[in-house]
Amino acid sequence: MQPLPGFRDFLPDDCAQRDYITTQWRRSAKCYGFVEFDGPALESAELYEKKNSGGEILSQLYSFRDRGERSVVLRPEMTPTLARIIGSHHRSFLKPLRWFNIGHCYRYEKPQRGRLREFLQLNCDLLGESSPAADAEVIGLLIDIFKSVGLGPRDVVIRLSDRLVWQQFLQDHDLPDEKMREILHIVDKIEREPQSKTEEKLAACSSSLSVKMLQQFIKEAKAPSLAPLLQELSARGLRDYIQVDLSIVRGLAYYTGVVFEAFSLQGGLRALAGGGRYDHLIHHLSDGAANMPAVGFGMGDTVLLDFITSIPSAAEKKASYLAANAPCQIYLVIADETYREEAIMLASQLRREGWRVLFPLSTERVSKQFSNAQAARATLAIVIGAEWPLLKIKHLNTREEEEITPEHLFKKLAGELQSRQGTFP
RNA sequence: GUGGCCGUAGCUCAAUGGUAGAGCUCCAGGUUGUGGUCCUGGCUGUUGCGGGUUCGAGUCCCGUCGGUCACCCCA
């Protein structure tokens, strides 16, 4: 039996790596005062129909009828759920809200690498504040997440743009607002499509615009509205990560202002995260129950993990986290079965103090026990045998051995635990 | 949804149309209380599945399922 197409099993090693990602996500989000929320994976289909009035989107939804004949959908993204929750609970919270979520989302598409039908996503949203300071907080958080996993300005870039700039562009060329969506779609593709196709699409949309004019406008990258945001990012020391790029407009219809995408600079340009400002969506999705400006972003786990693994310094950082969180810290070697009971008592005591401890469940040769200790990636072995009531401890990395009393052992470990506490809370 | 490539042991892969194999992993040993090496032995298959061609198919053909890459799409 295999999992369904586009779904994955997570073996312990996969879980450990995912734990690394989600731990860094949580840590960074909390540093910015974001609080975690969650909602159901299964939602009413109505929630998504409202936003996208039917069409193709629905065919990419995991949708079905439940036993109560309700039309239901596995959430394809978090934002509608967030908007729904905000709509009915926003009066209970002081504004602005800083909320984040880590959860599985689903889409019924043909699976390929980094694009499965079930994926884990981080969403961070700042609601109820329309100033550029809010944009800067959110983008600052995004960058700090990259920093936390060892990615620097040589590894990732945030391409920043503003839809208001394009709105102004349309006005300056006497084009109606209705053309906005079409033009943005063309801009979105301008890098990826051959010029002839872009020209064709542009001609169908407007007679007064040329591809050259668009390209020139993008090249000039004049975006005065972004100045306050850029200033805030400079104050955070994050300007190195930012590149103003007006060709970034994002595919989604609901963005109203600042939009941004994070890309990998090495190993081909891959989108690692994306987001922007959506000032009307909450109002729309909550049926007017709430009305507040919002800015946020989403980031998937698989592409990020792939990328981290391909960057040596980031891979090293991941490896040291995994080593520090190995399944076993202390392995008790029972060299003489006579002392099994003493060993069990010692193990229990160590476990009560929070150490990850293993010992052989049945009689094993000492050489086998050391072998197992290493396989479990323990850093310390404690041999219990003839020297009792003394213990022989062996540092498995340095192979150094010493004999100490149990009391001394606990004192030593207590110091160790304290000094490590700052490393991985 | 469209097209290309690929499906052989748990993993990585061999096998001119002619008896399905290797390495790694795993398990058990190498007699006294010390772990990445080494030596010995052992387990593992409906060759993804279903048809067809052939004396004979892992190999050729068709279908199907799954994987992968590129489009499409991206909430």
Side-chain angles (χ1 to χ4, degrees), chain A residues 1-9 11 13 43 47-53 55-63 73-83 103 105-117 119 121 123 125 185 188-189 192-194 197 249-255 259 261 268 270-271 273-276 278 281 285 296-300 303 328 331-339 343 358 360 363-388 391-401 403:
Chain A
M1 280 288 276
Q2 287 183 351
L4 288 166
F7 287 78
R8 284 193 55 197
D9 292 326
L11 302 184
D13 190 49
E43 289 274 13
L47 185 60
Y48 305 95
E49 283 157 2
K50 196 182 282 182
K51 183 171 146 195
N52 288 296
S53 58
E56 286 175 46
I57 294 296
L58 288 180
S59 69
Q60 293 180 338
L61 293 177
Y62 250 106
S63 59
V73 165
L74 280 168
R75 65 179 176 212
E77 58 159 332
M78 208 56 207
T79 312
T81 298
L82 171 65
C105 294
Y106 304 82
R107 59 185 161 204
Y108 197 87
E109 273 192 302
K110 189 164 178 171
Q112 46 185 281
R113 193 168 65 100
R115 261 181 90 177
L116 300 175
R117 288 180 176 177
F119 53 96
Q121 199 165 29
N123 275 267
D125 294 273
H185 189 76
D188 189 35
K189 302 269 186 224
R192 285 166 285 169
E193 281 180 348
K197 193 166 178 186
V249 295
R250 309 274 301 148
L252 288 174
Y254 58 63
Y255 288 113
V259 287
E261 285 181 4
R270 280 180 296 179
Y278 50 98
L281 188 69
L285 279 186
F297 68 85
M299 180 187 309
V303 181
C328 175
Y331 193 100
L332 300 189
V333 173
I334 303 176
D336 181 343
E337 281 294 325
T338 321
Y339 299 101
L358 285 177
T363 309
E364 297 271 19
R365 297 196 333 258
V366 170
S367 65
K368 181 77 178 172
Q369 294 188 49
F370 272 96
S371 175
N372 287 340
Q374 184 182 313
R377 283 174 287 167
T379 53
L380 194 70
I382 301 176
V383 181
I384 301 171
E387 46 284 87
W388 187 264
L391 299 167
K392 187 184 277 184
I393 67 174
K394 179 169 185 176
H395 300 270
L396 292 170
N397 296 330
T398 60
R399 301 194 175 221
E400 284 165 24
E401 289 187 340
E403 282 189 16

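Labels below follow one simple rule: chain letters A, B, ... track the order of the sequence lines, proteins then strands, and each chain is numbered from 1.
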Discussion item. List the residues meeting salt bridge (charged side-chain N to carboxylate O under 4.0 Å, His left out) with A:Arg365, not counting sequence neighbours, and say none if there are none.
Written reply: none
Item to complete: Check A:Ala335 against A:Val366 and note the closest heavy-atom contact, atom names and distance.
Response: CA-CG2, 3.9 Å
Worksheet item: Between B:rC72 and B:rG4, how far is it from one C1' atom to the other, in whole Å?
Response: 16 Å
Worksheet item: Taking atom P in both B:rG58 and B:rG51, what distance in whole Å separates the two?
Response: 14 Å
Worksheet entry | Which residues share a salt bridge (charged side-chain N to carboxylate O under 4.0 Å, His left out) with A:Asp188, sequence neighbours left out | A:Arg192
Discussion item. With rounding to the closest Å, how many angstrom separate the C1' atoms on B:rU53 and B:rU59?
Written reply: 13 Å
Fill in: Spacing of the C1' atoms in B:rG45 and B:rG52 (rounded, Å)
24 Å
Fill in: Parallel, tilted or perpendicular: rings of A:Tyr339 and A:Trp388 (30°, 60°)
tilted
Worksheet item: Sequence neighbours excluded, which residues qualify as side-chain hydrogen bond (donor to acceptor under 3.5 Å, both in side chains) partners of A:Glu261?
Response: A:Arg250
Response to the item:
Applying the Watson-Crick and G-U criteria (both distances under 3.5 angstrom) with [ ] for crossing and | for other-strand pairs, one obtains for RNA chain B (((((((..((((....[..)))).(((((.......))))).....(((((..]....))))))))))))....
Worksheet entry | Partners meeting side chain to side chain contact (heavy atoms under 4.5 Å, CB included) with A:Thr363 (sequence neighbours left out) | A:Glu337
Item to complete: Check side-chain hydrogen bond (donor to acceptor under 3.5 Å, both in side chains) between A:Tyr106 and all other residues, then give those that pass, not counting sequence neighbours.
Response: A:Glu118
Item to complete: Determine the Euclidean distance between corresponding P atoms of B:rG10 and B:rG48; express it in Å to zero decimal places.
Response: 13 Å
Worksheet item: Any donor-acceptor pair under 3.5 Å joining the side chain of A:Arg115 to the base of B:rC73?
Response: yes
Discussion item. A:Asn123 vs A:Leu82, test: side chain to side chain contact (heavy atoms under 4.5 Å, CB included). Steps then yes/no.
Written reply: CA-CA 10 Å; A:Asn123 275 267; A:Leu82 171 65; over 6 Å; no
Fill in: P-based separation of B:rC26 from B:rU12 [nearest Å]
16 Å
Worksheet item: Distance-only, no hydrogens or angles: does the A:Glu401 side chain make a donor-acceptor pair with backbone N or O of A:Lys392 under 3.5 Å?
Response: no
Worksheet item: What residues form a side-chain hydrogen bond (donor to acceptor under 3.5 Å, both in side chains) with A:Tyr278, not counting sequence neighbours?
Response: A:Asp125
Worksheet entry | Over all atoms of both residues, closest heavy-atom pair of A:Leu116 and A:Gly6 | CB-O, 3.2 Å
Write down the protein N/O and nucleotide N/O pairs, taken from nucleotides 64-67 of chain B, whose separation is under 3.5 Å; answer none if there are no such pairs.
residue, atom, partner, partner atom, Å
B:rG67, OP1, A:Gly6, N, 3.3

Below 3.5 Å between N/O atoms, which protein atoms pair up with nucleotides 3-9 of chain B? Just atom names and distances, please.
residue, atom, partner, partner atom, Å
B:rG3, O6, A:Lys110, NZ, 3.3

Worksheet item: Excluding sequence neighbours, so at least two apart, what forms side chain to side chain contact (heavy atoms under 4.5 Å, CB included) with A:Gln374?
Response: none
Practice prompt. With C1' as the reference atom in both, quote the distance from B:rA20 to B:rA9 in angstrom, rounded to an integer.
Written response: 11 Å
Worksheet item: Counting only heavy atoms not in A:Phe119, do more than 12 sit closer than 6.0 Å to its CZ atom?
Response: yes
Worksheet, complete the sentence: Per-nucleotide protein contact along nucleotides 23-36 of chain B, 5' to 3', at a 4.0 Å heavy-atom cut-off (B base, S sugar-phosphate only, - neither), is -----S-S--BBBB
Worksheet, complete the sentence: A:Thr338 meets the side-chain hydrogen bond (donor to acceptor under 3.5 Å, both in side chains) criterion, sequence neighbours left out, with A:Asp336
Worksheet entry | Euclidean distance for P, B:rU47 against B:rC5 (whole angstrom) | 24 Å
